[in-house]
Amino acid sequence: MASLFFLIDCNNFYVSCERVFDPALRGKPVIVLSNNDGCIVARSEEVKALDIPMGAPAFKYRAQIARYGIRVFSSNYSLYGDMSRRVMEVLSRFTPDMEIYSIDEAFVSFPERMAGDAESLAREMKETVERWTGIPISIGIATTKTLAKVANRIAKAFSKHGGIFNLAACRDVDDWLEKVRVEEVWGVGRRHAKTLRSRGIYTARQLRDAPDTWIRRHLTIMGLRLVWELRGISCLPLEEVPPPRKGILSSRTFGRKVETREELEEAVALYASRAAEKLRKHRLLTSCVHVFLTTNPYQEGPHYANAVTISLENPTNYTPELVRVAREGVGRIFKEGYLYKKAGVMLLELSREGMWQPNLFSPPKRTGKERNLMRALDLINRRYGSETVRLATSGLERRWRVNRSHRSPRYTTRWEELPTVK
DNA sequence: TCTGGGGTCCTAGGACCC
DNA sequence: TCTGGGGTCCTAGGACCC
């Protein structure tokens, strides 16, 4: 049975989260920076109007930030994660058929026979989310997910539609697709856009009408699916149950350059601990640890990047074991004489706790004691803040830690940072 | 001086098998 | 003079997403 897809997208999500708790920011230019205060990852409308692009390195725009009095925030993921949970909770009251696609986006679907009510339903969703959470949203409606994305973009670009646009009810779909540039289509990035332009394809409409064989050859099977979706043939179903994770990554750019093996080992020990914590949170075990380090690729001078993958005999989520292996990994790839900028730990080959095959030749050493230790560790860190208790190998001084000089309070997840009403 | 972090999927090519 | 065809599995790298 055919469905109608809604794509719900929070407007300038991180900026909107900051504005909920500081209304003085409304109508003012605001940006939110990535980790280490590196890139601009969210912009208010006022900033978009200044042609400051998404993902730009913040230091290149210092002059404009000062000139226009742009308010700057470091990322506050505790706050954004919690606000996202609230938005999704409100949306889920309208339908069980929902896919949480990212921190600020969700797809929902309704049977096509409800098409007549689609817009009033969307309006109700929008009003409820905005009233209950304070986060403004836009909604795109269409017969496929890719077209719903397009519809959402139109809803955002043309404010006369009041943040809601229903492409399924349009007679002039061709005209609308003509207005959307090919690189704005979901699944077309910089490289594919270039390939398409070289063949004279500039708009979503031209992409929709491109020949299958050429698309298949140059944009792979993914591109072909996307083109079919533009034609209204649904190829991407709603994924209500998230597929099992394939890997868990923890990595950071350093606040300053790191030269010594000891400091790299500290950093990697911390990342391994964090990854192990995520592992336990999802009740998973890993049997493969991937460690990587790299110098700054943007900078002149000798560049070095390397990685190593270490298989474990038995799957585990025990922090000390993973930290030991990760540090060993650093030992294998570290080279003296370079200025390192980033390192990370990736855990692969994940399995569900309690479902792994014991190894015949080396029975597991894991004891109830270890499990209890990890449980206590997680409990303490959840209650008193992360890293209240941690391994000493992850360093005490830690001069390499990230810069985060403009973070707002964690209003909703820390008692001592609750907003005060005057 | 200063350029994020966490994911997914696909393809090409090599090694290996009979 | 003549040197196949059909598979699988693994990995590295590229492209994309937010």
Side-chain angles (χ1 to χ4, degrees), chain A residues 7-14 31-43 52-63 65 72 74-77 80-81 84 99-107 145-146 149 152-153 182-196 215-226 235-236 239 242-257 271 274-275 278 282 288 290 292 294-301 305-309 311 339 341-350 402-406:
Chain A
L7 173 66
I8 295 110
D9 189 328
C10 301
N11 302 345
N12 325 321
F13 182 56
Y14 297 170
I31 58 175
V32 178
L33 305 181
S34 65
N35 263 311
N36 224 7
D37 293 344
C39 297
I40 298 167
V41 292
R43 305 159 297 156
I52 295 179
M54 175 73 173
F59 72 86
K60 285 191 181 167
Y61 289 88
R62 189 156 301 157
I65 289 169
V72 179
S74 306
S75 306
N76 184 343
Y77 288 108
Y80 310 151
S84 170
E99 171 188 343
I100 297 175
Y101 176 68
S102 73
I103 193 164
D104 68 336
E105 278 175 71
F107 288 101
K145 284 170 128 184
T146 306
K149 276 273 201 184
N152 190 284
R153 182 166 281 277
V182 81
E183 63 268 29
E184 296 174 318
V185 173
W186 191 34
V188 179
R190 273 224 313 281
R191 294 302 296 272
H192 284 347
K194 201 175 158 205
T195 309
L196 289 165
I215 294 292
R216 171 70 241 253
R217 184 159 57 239
H218 292 92
L219 268 60
T220 80
I221 189 76
M222 310 272 281
L224 191 59
R225 262 201 294 258
L226 179 167
C235 306
L236 305 169
E239 298 200 24
R245 264 176 195 265
K246 304 256 164 76
I248 287 177
L249 172 68
S250 177
S251 74
R252 282 291 178 282
T253 300
F254 303 131
R256 59 162 186 76
K257 291 181 193 88
Y271 305 155
R274 273 210 280 253
K278 283 190 220 171
H282 292 97
C288 183
H290 181 84
F292 64 89
T294 172
T295 56
N296 190 344
Y298 297 104
Q299 217 148 66
E300 298 288 311
N306 205 351
V308 61
T309 307
S311 286
L339 297 170
K341 188 59 186 164
K342 180 177 180 172
V345 174
M346 207 185 318
L347 305 179
L348 300 159
E349 287 173 23
L350 309 182
V402 296
N403 305 315
R404 207 166 41 179
S405 37
H406 314 282

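Quick caveat: nothing in here was measured; it's all calculated off a predicted structure. Each chain gets a letter, A, B and so on, in the order the sequences are listed, and its residues count up from 1.
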*Asks:* Taking side chain as C-beta onward, heavy atoms only, is A/Ile40 less than 4.5 Å from A/Leu33?
*Replies:* yes
*Asks:* Is there a side-chain contact between A/Ser251 and the phosphate of B/dG6, meaning an N or O under 4.0 Å from OP1 or OP2?
*Replies:* yes
*Asks:* So, A/Thr220 side chain and A/Met222 main chain: donor-acceptor pair closer than 3.5 Å or not?
*Replies:* yes
*Asks:* Would you mind classifying the nucleic acid contact of A/Val185 as base, sugar-phosphate or nothing, using non-hydrogen atoms under 4.0 angstrom?
*Replies:* sugar-phosphate
*Asks:* Just say parallel, tilted or perpendicular for the rings of A/Tyr14 and A/Tyr77, cut-offs at 30° and 60°.
*Replies:* perpendicular
*Asks:* Of the nucleotides C/dC18, B/dG4, B/dC10, which has the atom closest to the A/Thr220 side chain?
*Replies:* B/dC10
*Asks:* Across the strands shown, which category fits A/Val402 at heavy-atom distances under 4.0 angstrom: base, sugar-phosphate, nothing?
*Replies:* nothing
*Asks:* Write down the distance between OH (A/Tyr101) and P (C/dC17), rounded to a whole number of angstrom.
*Replies:* 8 Å
*Asks:* Just call it for A/Ser250: base, sugar-phosphate, or nothing, with non-hydrogen atoms closer than 4.0 Å on any strand.
*Replies:* sugar-phosphate
*Asks:* Can you check the A/Leu347 CG to B/dG7 P distance for me, whole Å?
*Replies:* 10 Å
*Asks:* At a heavy-atom distance below 4.0 Å, what parts of residues 242-249 of chain A sit against DNA chain C?
*Replies:* none
*Asks:* Can you check the A/Glu183 CD to C/dC16 P distance for me, whole Å?
*Replies:* 11 Å
*Asks:* Determine whether a donor-acceptor pair (N or O, by modelled atom type, separation under 3.5 Å) exists between the side chain of A/Ser84 and the backbone of A/Ile103.
*Replies:* yes
*Asks:* Go through B/dC2, B/dC10, B/dG4 for me and flag the one nearest to the A/Asn35 side chain.
*Replies:* B/dG4
*Asks:* Whole Å only: how far is the CZ atom of A/Arg43 from the P atom of B/dG4?
*Replies:* 17 Å
*Asks:* Which helical stems does DNA chain C take part in, if a stem means at least 3 consecutive Watson-Crick or G-U pairs with both distances below 3.5 Å?
*Replies:* B:5-18 with C:5-18
*Asks:* Look at all strands and tell whether A/Lys194 reaches a base, only sugar-phosphate, or nothing, counting heavy atoms closer than 4.0 Å.
*Replies:* nothing
*Asks:* Which part of the nucleic acid, if any, lies within reach of A/Arg217 when heavy atoms closer than 4.0 Å are counted: base, sugar-phosphate only, or nothing?
*Replies:* nothing
*Asks:* Write down the distance between CG (A/Leu236) and P (C/dC16), rounded to a whole number of angstrom.
*Replies:* 16 Å
*Asks:* Do the side-chain N or O atoms of A/Gln299 get closer than 4.0 angstrom to the phosphate oxygens (OP1, OP2) of B/dT1?
*Replies:* no
*Asks:* Could you tell me the separation between the CD1 atom of A/Ile221 and the P atom of C/dG14, rounded to a whole number of Å?
*Replies:* 22 Å
*Asks:* With a 4.0 Å cutoff (strictly under), does any side-chain N or O of A/Arg216 reach OP1 or OP2 of B/dT11?
*Replies:* yes
*Asks:* Counting only side-chain N and O atoms of A/Lys342, is one of them less than 4.0 Å from OP1 or OP2 of B/dG5?
*Replies:* yes
*Asks:* Can a salt bridge be assigned to the pair A/Glu239 and A/Lys145 using a cut-off of 4.0 Å between side-chain N and carboxylate O?
*Replies:* no
*Asks:* If only atom types and distance count, is the side chain of A/Arg43 paired as donor or acceptor with the main-chain N or O of A/Ile52 below 3.5 Å?
*Replies:* yes
*Asks:* May I ask you to decide if the ring planes of A/Phe292 and A/His290 are parallel, tilted or perpendicular, using 30° and 60° as cut-offs?
*Replies:* tilted
*Asks:* Would you kindly give the OH-to-P distance between A/Tyr271 and B/dG4, to the nearest whole Å?
*Replies:* 13 Å
*Asks:* Please name the pair of heavy atoms, one in A/Leu236 and one in A/Thr146, separated by the smallest distance, quoted to 0.1 Å.
*Replies:* CD1-OG1, 3.9 Å
*Asks:* Taking the minimum atom-to-atom distance to the side chain of A/Lys278, which one of B/dG4, B/dT11, B/dG7 wins?
*Replies:* B/dG7
*Asks:* Taking atom C1' of B/dT3 as reference, at what distance in whole Å does atom NZ of A/Lys341 sit?
*Replies:* 9 Å
*Asks:* Could you tell me whether the side chain of A/Leu350 reaches within less than 4.5 Å of the side chain of A/Pro244, counting heavy atoms only?
*Replies:* no
*Asks:* Check whether the side chains of A/Asn35 and A/Thr253 place a donor and an acceptor atom closer than 3.5 Å, and report yes or no.
*Replies:* no
*Asks:* Just compare C/dC17, B/dG5, C/dA15 and give me whichever is closest to any side-chain atom of A/Lys149.
*Replies:* C/dC17
*Asks:* Identify whether any heavy atom of A/Asp104 sits under 4.0 Å from a base atom; if not, whether one sits that close to sugar-phosphate; answer base, sugar-phosphate or nothing.
*Replies:* sugar-phosphate
*Asks:* Pick the closest DNA chain B nucleotide for A/Met222 and for A/Ala58 by heavy atoms, then say which residue is nearer the 5' end.
*Replies:* A/Ala58
*Asks:* Name the nucleic acid region contacted by A/Arg252, choosing base, sugar-phosphate or nothing; use a 4.0 angstrom heavy-atom cut-off, strictly under.
*Replies:* sugar-phosphate
*Asks:* Grab the two heavy atoms, one from A/Glu183 and one from A/Ala193, that are nearest each other, plus how far apart they are.
*Replies:* CB-CB, 3.8 Å
*Asks:* Among C/dC16, B/dC9, B/dG4, which is the nearest nucleotide to the side chain of A/Cys39?
*Replies:* B/dG4
